[in-house]
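Report on one structure; see the data block that follows.
Heavy-atom basis, side chains included; hydrogens, waters and symmetry copies ignored. Proteins get letters first, then strands, A, B, ... in listed order; numbering begins at 1 in each. What you see is a predicted model; the values in this text were computed from it and never measured.
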2 protein chains.
Amino acid sequence: MREDTRTRIQEIALRLFTEQGYEATSLREIAEELGVTKAALYYHFKTKDDIVASLVDLRAAEVEELLDWARSQPKTPEMRRELLRRYADNLMRPRYLEVARFLERNQTALREQPKLVKMRDTMLALTAEMNEPGATAAERISRSLALFALHAGKWLTQESELSDEEITKASLEVAMRLLEP
Amino acid sequence: MREDTRTRIQEIALRLFTEQGYEATSLREIAEELGVTKAALYYHFKTKDDIVASLVDLRAAEVEELLDWARSQPKTPEMRRELLRRYADNLMRPRYLEVARFLERNQTALREQPKLVKMRDTMLALTAEMNEPGATAAERISRSLALFALHAGKWLTQESELSDEEITKASLEVAMRLLEP
DNA sequence: GTCTATAGTTCGATAGAC
DNA sequence: GTCTATCGAACTATAGAC
């Protein structure tokens, strides 16, 4: 049985938005690849922006869940390590990683998307949960960078002979070191 | 005496491309802000893409110079530290940093710009110069991330109460730690 | 060097038939 | 749910006058 059209639109849009950029991808292209006309897309999504919103939703829920968890925990070194582990686990899910990459690459174009603005706030709050009030500038940068290191490994994969697993493991290792005093 | 028009076009384009994105910025907007018509822009630059090329040139020269220097040096820990210092110094120049930010935010839209493709190769070669042949995955990621850490501090500045100097100093500190075994 | 004017194209979005 | 047909608006780029 075939996937429903709505999901297929999301898949194609996600790929094209990531490869070419949001603005550079027209609804005509998406429709053509799906084998329908633009008008059909408008049956499933109110606007082009609505497609993006539906993609953000795929990721936002998990990040917010992670923030809720972090806030329920004491700010200990072990909590920070566990936070990185959980974040790395999320990044392992294929669909999630694809959305993350799409969002990374289209920050400017989507800077006014309300759902994305909210998610950015959530991410910022997440880094805040990794720092005590008295943390130094180097500590703040270092710990924020730790979260980022988990993403960074992924784009190195493209040009490298290393396996996906090696990259994931090594990224987590580097991230963990950034937490150490 | 007024700045020449060509330079003013570059300045306005750089700002708008960074704020709104390359695709989202039309030549009409640039022309309006400059107080001329689109046609005037076409006198100074052959295409919209040509404006980008001229902006990339502002940065590419320094990165290539840095690569040449790195290749002339033995791959020692001290050479890597010195490389970070030089890279951080480059980032301090205002115009250079602005171009870096513009390029970061428009990677997808500009992925086929030949000058940018070349500069990406140069950056990749630069990270390669930071690793011995036998380096582990974690070392490779860590050292590549060190270069990136210098950029990362900059976007944290926006939301922080920290001064620019503190950020720069702290970023270099974090980057240096990423070089350590 | 800068202008007006416009060609040529594409876009997001809608109306209405089936 | 998908189609045809079309709209108004925006875009890049060019031609030619001044």
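Between Y43(B) and dG1(C) there is a side-chain polar atom (N or O) within less than 4.0 angstrom of OP1 or OP2. For T5(A), a side-chain nitrogen or oxygen approaches OP1 or OP2 of dT2(D) to under 4.0 Å.
E65(A) and R86(A) are not joined by a salt bridge, as no carboxylate oxygen comes within less than 4.0 angstrom of a charged side-chain nitrogen. Between K169(B) and E166(B) there is no salt bridge, since no side-chain N of the basic residue sits under 4.0 Å from a carboxylate O of the acidic one. Using a 4.0 Å cut-off between charged nitrogen and carboxylate oxygen, E32(B) and R28(B) count as a salt-bridge pair. Residues R143(B) and E129(B) are not paired through a salt bridge, judged by the lack of any N-O separation under 4.0 Å between the basic side chain and the carboxylate. Note on E11(A) versus R8(A): no salt bridge recorded, every NZ/NE/NH1/NH2 to OD/OE distance being 4.0 Å or above.
In this structure, CG of L34(B) is placed 13 Å from P of dG1(C), rounded to the nearest angstrom. Note: CG (D4(B)) to P (dT2(C)) measures 10 Å, nearest angstrom. For the pair E32(B) CD and dT2(C) C1', the interatomic distance rounds to 16 Å; values are reported in whole Å.
We find the CZ-CZ distance between R177(B) and R177(A) to be 6.0 Å, quoted to the nearest 0.5 Å.
Each of dT2(D), dT2(C), dC3(C) was ranked by its minimum atom distance to the side chain of T37(B); first place goes to dC3(C).
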- Query: Going 5' to 3' along nucleotides 11-18 of chain C, which nucleotides have protein heavy atoms under 4.0 Å from the base (write B), which only from the sugar-phosphate (write S), and which from neither (write -)?
  - Reply: SBBBB---
